[in-house]
Amino acid sequence: MSNLIAMAFLASVTFAIPGASAAQPAPAGQAAPDLFATEVAKSRVFLEEMMQAGIYVPQPKDPGGGASHEQHKRNYRALYEAGQLYKLTGDRRYRDYARDMLLAYAALYPTLGPHPARSNDQRYGKLFWQVLNDAVWLVNGIQGYELIRADLSAQDRARIDPLFRQMATFLSVESVKTFDMIHNHATWATAGVGMTGYVLGDRDLVDRALKGSRKDGSAGFLKQIDDLLSPDGYYAEGGYYQRYALWPFMVFANSIERYDPAVGIFKRRDGVLVKTVQTAVDLTYRGHFVPFNDALKEKSLNTEELYQSVAIAYAQSRDPALLSVAHWQGRVALSPEGKMVAADLAAGKARPFPFGSRLLRDGADGKSGAVALIRSGDSETGQLLVTKSASQGMGHGHFDRLNWLYFDEGREIVSDYGAARFHNVEAKYGGRYLPENESWAKQSIAHNVLVVDGRSHFDGKLEPAEEHAGEQVLFSASQDFSISVGREANAYPGVTMTRAVALVAVPGLDKRVVVDLLRVRSTSQHRYDLPLHYQGHIVELGPQFKVNTEVRPVLGQGAGYQHIWVDGVASTPQKPFITWQNQTRFHTWHWVPQTGSSVILAESGAGDPNFNLRREPMIIQRLEGAADSLFAGVLEGHGSYDPDSERVTASRSQIASIEAATIGEADVAILTTRAGVKVAVAVAHAPDPMKRHSIQFAGHELSWAGPVARIVLK
């Protein structure tokens, strides 16, 4: 019960950190350029090019990224923008162009069967290789048609209306398994079908979209809002797919609000849709999404999904912080809502987005673990520590319970691989997810998590992983000490892992350090591997490695180990560390040695004949024949490298040592700097906020109240 009480209090709090601010916000009271006028100009140029090229509706042929695939994407963009410009300018050329294209699709679509480039592991579309893309086409196409339909002849409507009915039938009847899922593919499908229903005046289509194919509420758009979004606006598949799902969530909701205001769609679940847009922004660093689960690291807030979502969320909430997001993007949606954003931004109404330390609960009821964001400093160059004790994230989730990532100086320092995919690059597996997404990117060893006996969490199987979410035990944030504690007891039978990761101020150091305490308890002995995936070039090593300079062995046979080259192996010395340089900053990872342990220097890329994987470094702590153990480490960023002046400062760590142990019912670490400053981090096993603790460790008496503490020792 004490865990639940702690969570109920802590999860409801957003901790703003002094100095945290929006990424390049528009200064309050200062005018900004008219982004909507720029958007209209861009659209005019695009449509002139499309109209000059003529109507081209090719026979579907290619997978993602291929010529026919990309042409159908350009076409749905042209339909949407032609409708918007016709409504805005009254220029009949845009209406007639959209009409003629739709007539061409009306002639083609009834002749189509399953897409010829469909894959065995995807539900097929007709225009595209997967049904998802057909839904995206419909969401865009129906919005363009809505804006020209009233001004078309009855004869044209009689030819075009059936096109949209056929598409809606394909999505909601022929592809009903996708349509009735609780998943982003179904969000797109229900949005397209529902918006079609509103435009054609077909209540059956609307009800099917809102309540599922059986129209009983067991599926459909409303069920997806209720099941996929947490009370904090966190989307079940993670930030990358939150961005993608926001587009259909927001544009369909906007349509519902116009046609069916009694539904109160933007009030549903305490306004969770607008909250989800704000949370998507929170899940970024320098505008790029934190890359856990199936994420591509290039994806940022500069994407059509967010232009649309920010505009609609602002129109509903008038939250001035969203204007600063639009300012960072330098774009707005080509829509009435986008015009409103541009006008208010130009009028100087923007306020900085309140980036800060925040706990994002997962699950419809907020009880399926969480993602913690711990920030210090500004949002462009400051520190961001991310911990993940959330649910699996469905098919796009990775087997990475209690994972953590770290960013500083505008860069990823402790990294996550993200997804193995060259999105829409046809030459790379048709633009689909690569086989290595399953064999490497999703496997536990590819993340900063504890791996037991060389097997991934839940043996890499989705169904058991979906049954059990991680547990967020505690979250607390303050100026000098912010910490997230998570627990996982289901990834391996008989093994419980509890991990506390904190951002800690140490007197004399210019930035806070990361402290990691991972306690494992088991009913039997195991081999434990704890990797740290880092970004940078090695400068200095504490252990003396036996380096493989001629033959490069592979670490193992499966569960991702087959993709790891072994560069060197060493016994763990008394004070092990690794220092690497990441452009202009040095980072040192110290860890506490354990009797009989070893350390492996390694790199991804083995077992990869098609060169699909990025070559990224890692260091792995290995402990054989252990049951209970405490893994402890500290990461310090230090010094600087100026390539212009060739000036280097503090390239060696200022931390002299780290000691850690489990004492009674608490885990404790003491950091000692070269200047002699000592700081203790203590984590009680029971998160009782009222309980007092007192222990002896390393010649110090440590006393504190509550579950966690930072103690500066004299």
Side-chain angles (χ1 to χ4, degrees), residues 19-25 284-291 295-302 328 330 355 375-386 404-418 448 503 505-506 508-514 531-545 547 549 565 567-568 576-591 601-605 611 613-619 633-656 673-675:
S21 61
Q24 300 178 1
T284 64
Y285 182 74
R286 295 198 72 189
H288 286 74
F289 290 94
V290 176
L296 298 178
K297 296 189 178 186
E298 310 86 61
K299 190 63 71 173
S300 73
L301 293 169
N302 283 320
W328 187 93
F355 288 105
R375 298 184 189 266
S376 176
D378 68 76
S379 61
E380 287 286 287
T381 62
Q383 297 169 283
L384 171 61
L385 172 64
V386 183
W404 67 281
L405 300 84
Y406 177 65
F407 304 80
D408 190 19
E409 299 289 327
R411 294 181 288 275
E412 190 177 21
I413 307 301
V414 173
S415 59
D416 190 287
Y417 191 89
N448 306 302
L503 209 53
V506 177
L509 301 187
D510 60 344
K511 285 195 174 185
R512 298 199 282 180
V513 301
V514 179
L532 184 80
H533 296 264
Y534 63 92
Q535 294 289 312
H537 192 92
I538 292 174
V539 173
E540 193 174 12
L541 291 167
Q544 183 66 44
F545 280 86
V547 179
T549 56
W565 294 115
D567 289 322
F577 71 92
I578 176 174
T579 299
W580 65 88
Q581 181 182 350
N582 188 309
Q583 297 186 40
T584 60
R585 184 84 163 160
F586 301 95
H587 297 270
T588 297
W589 171 248
H590 302 262
W591 67 98
L601 273 181
E603 186 180 58
S604 60
F611 303 97
L613 291 173
R614 299 190 302 270
R615 272 50 176 166
E616 297 189 346
M618 69 197 81
I619 187 166
V634 58
L635 177 66
E636 178 202 2
H638 52 92
S640 66
Y641 171 74
D642 185 340
D644 296 328
S645 65
E646 300 180 4
R647 184 170 181 266
V648 177
T649 62
S651 62
R652 284 194 164 91
S653 173
Q654 298 304 300
I655 293 177
T673 70
R674 294 185 185 278

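Numbers here simply count residues along the sequence, with the first being 1.
- Inter-residue side-chain proximity for Glu540 and Phe577 is flagged as met; some heavy-atom pair is nearer than 4.5 Å.
- With hydrogens and angles disregarded, a donor-acceptor distance shorter than 3.5 Å links the side chain of Asn448 to the backbone of Ser415.
- Between Tyr406 atom OH and Tyr285 atom OH the span is 8.0 Å, to the nearest 0.5 Å.
- Counting heavy atoms from C-beta on, the side chains of Trp580 and Ile413 come closer than 4.5 Å.
- Checking side-chain atoms of Arg614 against main-chain N and O of Tyr417 turns up a donor-acceptor pair under 3.5 Å.
- A side chain to side chain donor-acceptor pair (under 3.5 Å) with Asn582 holds for exactly one of Arg411, His587, Glu409; it is Arg411.
- Between Val539 and Tyr641 there is no side-chain heavy-atom pair separated by less than 4.5 Å.
- Counting only distance, with no hydrogens or angles, the side chain of Arg286 and the backbone of Thr284 share no donor-acceptor pair below 3.5 Å.
- Annotation: Arg674, atom CZ; neighbour count of heavy atoms from other residues, nucleotides and ligands within 6.0 Å is above 12.
- Aromatic ring orientation, Trp328 versus His288: perpendicular (interplanar angle above 60°, classes split at 30° and 60°).
- Within the 4.5 Å cutoff, the side chain of Pro543 has no heavy atoms near those of the Leu601 side chain.
- Checking Gln383, Arg512, Lys511 one by one against Asp408, the side chain to side chain donor-acceptor pair (under 3.5 Å) holds for a single residue, Lys511.
- You'll find the side chain of Val414 stays beyond 4.5 Å of the side chain of Trp589, heavy atoms only.
- Considering NE2 of His590 and CD1 of Ile578, their distance stands at 11.5 Å, rounded to 0.5 Å.
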